[in-house]
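Since the structure comes first, as structure tokens, the remarks are kept for the end.
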Amino acid sequence: MNPTAAIGQPGDPAAVRSVTFDDVAAIYVVDGVLTMRPETFFPETPRQAWDHLCTTAGELVMSAGGLLVRIAGTTVLIDAGVGTATKSFAFGGVDCGSMLEVLDSLEVRPEDIDVLAVTHLHFDHAGWAFADGARTFPNARYAFSAQEWAPHAAGHLGEGEVAPRHVISQLASGSADFELFDDGDEIVPGVRALVTPGHTPGHTSYVITSHTGRRLVAFGDAFHSSTQVTHPDWMSIADTDATAVIATRHRLLDRLSEPDTFGFGCHFGDQPFGRVVADASGQVTWEPIPSAVLAPPPR
Ligand SMILES: [Zn+2]
């Protein structure tokens, strides 16, 4: 029996949720939880604007993981979570490390992943790319944008707490193959890169298009919260280029407002799948869509 489709709460950790449309199946393979203090992570925004999303401890609950996409006979993983980590960091806390177990519960082995395509090279999106000095997904092509790699190619191994140093150093060592793509390139048939810079230099969204033309846009950290759909000028401390990120958000809002299009926001609490809708005044909001709950939040 298929699990009942339901809408979760924006302030809850993400469950393992699935949507299917036409020939596409997409599952949020959750790695765990990130908690953020909004006054630290969104320092220039009104604190009370986050109250409805916060726990009683005053923290925003975000999740991290990857989007497993099955399309046209291929298995693509968009982003690779954090890896095994339970710690506090500058913006809040991390409790992650469940992604491989979630994949296993779905009967997906690391060997089954054909492509690992990351939105950007931050710790909560590329963490599982390597573990114990080896590729976690041995048969996968590893892909990200040329713009994202450019600063690392110039010798920057990643600074601060957002860089997954074990991943950057492995890639920079030359011992691991990877592919660089440009805006608009096809990753596999049905999945195309939309380079959406601003959060990082080459941050990339992925547009997954079914055989009838319905689209799912996995937009990574172009939006960290559904609140930014309504307030696209609200920056997080992790956004590197405010002008670029605002332009990117407006471009994405235009795409997400097109017919037969919905989005995936990995950090949107337990409402990762949704549409962008406008009211009579033109104000846009994130409208979560029902998705099947395959398993509860792993942490
Ligand atoms: Zn992130």
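Everything numeric here is computed off the predicted structure, so don't read it as measured data.
For the residue pair Thr75 / Asp112, no side-chain donor-acceptor distance below 3.5 Å is found, with atom types taken as modelled. A side-chain donor-acceptor contact under 3.5 Å links Thr196 and Ser205. Of the N and O atoms on the side chains of Gln283 and Thr230, not one donor lies less than 3.5 Å from an acceptor on the other residue. When only modelled atom types and interatomic distance are considered, Asp95 and Thr86 share a side-chain donor-acceptor pair under 3.5 Å. For the residue pair His199/Asp239, the side-chain donor-acceptor check at 3.5 Å is satisfied.
Between Phe262 and Val19, the closest side-chain pair of non-hydrogen atoms falls below 4.5 Å. Side-chain contact between Ile71 and Ile208 is present, with at least one heavy-atom pair separated by less than 4.5 Å. Counting only heavy atoms from C-beta outward, the side chains of Val29 and Leu106 approach each other to under 4.5 Å. Two residues are said to be in side-chain contact when any heavy atoms from C-beta on lie closer than 4.5 Å; Val207 and Thr209 meet this criterion. Taking the side chain as every heavy atom from C-beta outward, Asp177 and Tyr142 never approach each other to under 4.5 Å.
More than 12 heavy atoms of other residues, nucleotides or ligands lie within 6.0 Å of CD in Glu186, so this atom counts as buried by the packing criterion. Remark: Glu111 CD is packed, more than 12 non-hydrogen atoms of other residues, nucleotides or ligands lying under 6.0 Å away.
The backbone N or O of Ala25 sits nowhere less than 3.5 Å from a side-chain atom of Arg70 that would complete a donor-acceptor pair. Remark: side-chain polar atoms of Gln170 are paired, donor with acceptor, to backbone N or O of Gly133 under 3.5 angstrom. The main-chain N or O of Gly81 is never found under 3.5 Å from a side-chain atom of Asp124 such that the two would form a donor-acceptor pair. Using modelled atom types, one side-chain atom of Arg17 and one backbone atom of Ala6 make a donor-acceptor pair closer than 3.5 Å.
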Would Thr204 and Glu148 satisfy side-chain hydrogen bond (donor to acceptor under 3.5 Å, both in side chains), going step by step from the backbone distance to the final call? CA-CA 8 Å; Thr204 300; Glu148 185 69 1; over 6 Å; no
What do the steps show when you test Asp31 against Arg299 for salt bridge (charged side-chain N to carboxylate O under 4.0 Å, His left out), and what is the final call? CA-CA 8 Å; Asp31 194 32; Arg299 291 178 182 239; over 6 Å; no
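Contact record, Pro201 with Gln147: O-NE2, 3.2 Å, taken as the closest heavy-atom pair.
Using the six-membered ring where Trp is involved, Trp50 and Trp234 have ring planes that are tilted, between 30° and 60° apart. The aromatic rings of Tyr206 and Phe181 stand perpendicular to each other, their planes meeting at an angle above 60°, with 30° marking the opposite boundary. By the 30° and 60° cut-offs, the orientation of the rings of Phe223 relative to Phe268 is perpendicular.
Note that CZ of Phe21 and CD1 of Ile289 are 9.0 Å apart. Values are rounded to the nearest 0.5 Å.
When hydrophobic clusters are built by joining Ile, Leu, Val, Met, Phe, Trp and Tyr residues whose side-chain heavy atoms come closer than 4.5 Å, directly or via intermediates, Phe219 is not grouped with Ile78. Hydrophobic cluster membership differs between Ile246 and Leu252, with clusters built from Ile, Leu, Val, Met, Phe, Trp and Tyr side chains linked at under 4.5 angstrom.
His166 pairs by the ring pair (Phe, Tyr, Trp, His ring centres under 6.0 Å) definition with nothing, not counting sequence neighbours. Arg135 meets the salt bridge (charged side-chain N to carboxylate O under 4.0 Å, His left out) test with no other residue; sequence neighbours excluded.
A salt bridge links Arg251 with Asp183: the distance from a Lys NZ or Arg NE/NH1/NH2 to an Asp or Glu carboxylate oxygen falls below 4.0 Å.
Of the candidates His267, His224, His203, His267 is the only one forming a ring-ring contact (aromatic ring centres under 6.0 Å, His included) with His125.
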